[in-house]
Enquirer: 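Quick one: the structure is below, questions incoming.
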Amino acid sequence: MKKWWACAVALLLAAAPLCVSAKEDADNSVPYDSYAYNLQSEPVSIPAPYVPERVYVGGDFGLEPMKDIADIYYDAESGSVYICDSGNDRIVVLDAAFTTRSVLDGFDNGGEREGFSEPSSVFVRGGRLYICDTGNARIVCLDEKDHTLLRIFPRPAVALLEAEYLYAPSKLVVDPAGRMYVTARGINQGLLQLDENGAFIGFMGAPDVHLDFWDILWRSVATQEQRENMAQAVPTEYTSIAVDDKGFIFATSMSEGVAPISKLNGQGENVVHFLDETPSGDGVYIDALGEKASSKFVDIAVRDDGIYLALDSTRSRLFAYDGNGTMLYAFGGAGTQQGTTYSPSAVEIVGNRVAVADKTNGSVTLYRRTAFGEQVDEALHAYSRGETGLSREKWETVLRQAPQYTVGQLLYARLVLQEGDPQTALPLLKRIGAREYASQAYRELRSGYIRQHFYWLLPLALAALVGLIVLLVKGRRLAVVRRVGNIPLVKQVRYAGYAMVHPFDGFWDIKREGRGSLPGALIWYGLFFLLYAMRVQFTSYLFTDREAGASSLLPELLKIALPLLLWCLSNWCFTTLMDGKGTIKDIAVATGYALAPYVCMSLPLLALSHVLTLEEAVIYHTLDGITIVWVLALLVFSTMMTHDYSFGKTLLTVCLIVVGILLILFIALLFLNIVQQVVTYGQDIYQEIAFRMY
């Protein structure tokens, strides 16, 4: 008997991992891709956060087929799910298990039965059921429990609306103070804000319209008649709205130039953004037909913890964002398989599940949360509650499941940074390309290091300064220094220091007094390429778009060597035709000496890049800009002195040199194209001969 029990237990233990593996495979075998974007705006595949559980149609509720589903609403307090079956002029009321409770197709008003016409939105607040009775141009308020009529809100009195305007409320929410926020067809001034009695308070959150340069230019020169005939640039009405427990209004819009998703505060200001960007789903992309397309959000649902889901009608996808506008993940897709939708029209969060309505098919797809999605949500929940230790554990679990999940890495690194561990956060932030947060982590590391070692850093800096002064003053008197300084080549190399600050005399003497030479210029070229390579490889990550040491050195060197070569070649070509006094050798020597400021400033700039943060980047970029301008100025002055030109003629010559560089590049590209065509033609002939022979 004991042996039998032991065998049974062993079989169960052996089968458990297989069951878990089978469940994970089922979670991942969905008819759509789940992904998130990294900080370079590239999609990264992740495990599915939600998978389809079931598709409901009218027959599942004991009803005829649903048509034109306009909205789904879930009331957590009563556990009721409301489906606006707009095409059948009714509202289907379900419980959280999606079993039918009742069907609302009208109400009693003073003893008379009145029906709904195209109901398009439902909201529950304080035991009151608000319904957008769109076809009847009104908002109906019923008792949530017995569905008796409490009040009817007709078209509000709004001075800006014309008398013939047909009022058609399409979406509404109610804030904790009882104020109603309504979107209505044809109203583009923002949300209608109504008080608890239905009186108009004002418009809220009108989307800003930004005209581009050409529109502004055209309007400035167009006649009055042309301006009147032009389409007016006005904001488009919001497509959907939702409200969270804190009273923030979430709204979606399809207008170009308007934030696709807005989080409006009490003043109607959009307060949601992430790294200077607003949530936009897939943004602008090229579709299968090769045309530009973008995400078009038709509905939005908000959870209690501030996470919200936006429904994209273009690709039938759901995009999840946290309260800061960080995109967490995307899932769903277009199609006819279970889990895909054809024309999505509404989304709602029902506990740990998500319901999506398909307007054309008259169906509701219910998605359940996977283990991966649960871990992500629990990490966010723990953080919102202030349980940073638990949140960190959950994020570590998430990243073990999906190490490529860039958003998870970013949120985890931010959490670690807030816990006071910048040393752990910095490598991760650098790896995913989060420069702003990496700068913050580096600043904290730098501050901590200075506080810890200040007692010896200050004396060391003072000693280094004194040592440098002594070396400059006393070093010149040393015999070995004087002997080295008297070497002709050393004198010629050192003369670049004089030419840097006295370019007219300096470059005149380099050519005519023999103060410079080709070997000296080659040394400056060598130092220039060496220090350029060092800056490419070792400049701090904060001031480059690449990891230190991650770049291929040869292409980087070619990118700077080719312009210098073309400068010398084009300079010689044009100055030969313009009575220039310098030879190709003189041009090469002068160009080499003109690079001296870059050589002198490279090491300090390289060191500064490892000391400064992004907040102090203006210092680095200013010095770098001064260095570049300095080199360019010396190139102009060297051309002037080498060829004995006037300043005006020098400027003309420099312009021609630039044109010459462009012409040389054009001819080179044309030649390469011809060579490529000749090679391709030869390959085609060879293949044809080989085909006929064999």
Enquirer: Has the side chain of His610 got a donor or acceptor atom that lies under 3.5 Å from a matching backbone atom of Phe538?
Expert: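 It does hold such a pair.
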Enquirer: With the threshold set at 4.0 Å, does a side-chain nitrogen-carboxylate oxygen contact exist between Asp377 and Arg369?
Expert: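 Salt bridge flag = yes for Arg369 with Asp377.
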Enquirer: Please check: side-chain N/O of Ser391 versus main-chain N/O of Leu380, any donor-acceptor pairing under 3.5 Å?
Expert: no
Enquirer: Are more than 12 heavy atoms from other residues, nucleotides or ligands located less than 6.0 Å from atom CD of Gln423?
Expert: no
Enquirer: How far does OG1 of Thr239 sit from CG of Asp299, to the nearest 0.5 angstrom?
Expert: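 Thr239 atom OG1 to Asp299 atom CG measures 8.0 Å (nearest 0.5 Å).
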Enquirer: Is any NZ, NE, NH1 or NH2 atom of the basic residue among Arg368 and Glu374 found under 4.0 Å from an Asp or Glu carboxylate oxygen of the other?
Expert: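 A salt bridge is absent here (no side-chain N lies under 4.0 Å from a carboxylate O).
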Enquirer: Charged N to carboxylate O below 4.0 Å: is that the case for Asp305 and Arg385?
Expert: no
Enquirer: Assess whether side-chain hydrogen bond (donor to acceptor under 3.5 Å, both in side chains) is satisfied between Thr365 and Gln338, documenting all intermediate values.
Expert: CA-CA 8 Å; Thr365 301; Gln338 178 172 317; over 6 Å; no
Enquirer: As a quick check of understanding, evaluate ring-ring contact (aromatic ring centres under 6.0 Å, His included) for Tyr383 and Tyr412, giving each step before the final call.
Expert: CA-CA 10 Å; Tyr383 179 76; Tyr412 172 71; over 10 Å; no
Enquirer: Using atom types as modelled and distance alone, determine if a side-chain donor or acceptor of Asp85 lies under 3.5 Å from a backbone N or O of Ile69.
Expert: no
Enquirer: Does any non-hydrogen side-chain atom of Arg435 lie less than 4.5 Å from one of Tyr541?
Expert: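 They are in side-chain contact.
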Enquirer: Do side-chain atoms of Thr360 reach the backbone of Ser343 as a donor and acceptor pair under 3.5 angstrom?
Expert: no
Enquirer: Between Tyr130 and Phe123, is the ring centroid distance below 6.0 Å?
Expert: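 No, they do not, as the ring centres are separated by 6.0 Å or more.
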Enquirer: Quick check, are the ring centers of Phe372 and Tyr405 under 6.0 angstrom apart?
Expert: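 Distance test on ring centres: under 6.0 Å, yes.
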Enquirer: If you measure from CD on Gln404 to CG on Leu399, what distance do you get to the nearest 0.5 Å?
Expert: 9.5 Å
Enquirer: Charged N to carboxylate O under 4.0 angstrom, Arg303 versus Asp245?
Expert: no
Enquirer: Run the side chain to side chain contact (heavy atoms under 4.5 Å, CB included) test on Ser78 and Glu144 for me, step by step, so that the C-alpha distance in whole Å, both residues' side-chain angles and the decisive distance to 0.1 Å come before the verdict.
Expert: CA-CA 9 Å; Ser78 64; Glu144 181 189 7; 2.9 Å; yes
Enquirer: Looking at Tyr329 versus Tyr35, is the centre-to-centre ring distance below 6.0 Å?
Expert: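 Tyr329 vs Tyr35: aromatic centres not under 6.0 Å.
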Enquirer: Report the C-alpha separation of Arg125 and Asp75 in whole Å, then their side-chain angles, then the decisive distance to 0.1 Å, and conclude whether the salt bridge (Lys or Arg N to Asp or Glu O under 4.0 Å) test is met.
Expert: CA-CA 9 Å; Arg125 175 77 72 181; Asp75 179 33; over 6 Å; no
Enquirer: Would Lys263 count as a cation-pi partner of Phe248, with NZ or CZ less than 6.0 Å from the six-membered ring centre and within 45° of the ring normal?
Expert: yes
Enquirer: Whether the side chain of Glu616 engages the backbone of Thr613 through a donor-acceptor N/O pair (distance < 3.5 Å, no angle test) should be reported.
Expert: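 Pair found, side chain donor or acceptor close to backbone of Thr613.
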Enquirer: Hey, is the main chain of Glu42 close enough, under 3.5 Å, to the side chain of Asn38 for a donor-acceptor pair?
Expert: yes
Enquirer: With a sphere of 6.0 Å drawn around CG of Asp95, does it hold more than 12 non-hydrogen atoms of other residues, nucleotides or ligands?
Expert: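 Enclosed: over 12 neighbouring heavy atoms sit under 6.0 Å from CG of Asp95.
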Enquirer: Does Tyr342 offer a backbone N or O that forms a donor-acceptor pair with the side chain of Asp358 under 3.5 Å?
Expert: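 Judged by distance alone, yes, a pair lies under 3.5 Å.
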Enquirer: For Leu614, is there any backbone N or O sitting under 3.5 Å from a side-chain donor or acceptor partner on Ser439?
Expert: yes
Enquirer: So, Ser121 side chain and Lys171 main chain: donor-acceptor pair closer than 3.5 Å or not?
Expert: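 A pair under 3.5 Å: no.
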Enquirer: Spell out, as yes or no, whether a donor-acceptor pair under 3.5 Å connects the side chain of Ser41 to the backbone of Tyr37.
Expert: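 Such a contact is absent between Ser41 side chain and Tyr37 backbone.
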Enquirer: Are Phe319 and Phe331, when compared by the centres of their aromatic rings, separated by less than 6.0 Å?
Expert: no
Enquirer: If you draw a 6.0 Å radius around CD in Gln40, do more than 12 non-hydrogen atoms from other residues or ligands fall strictly inside?
Expert: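 Correct, the count exceeds 12.
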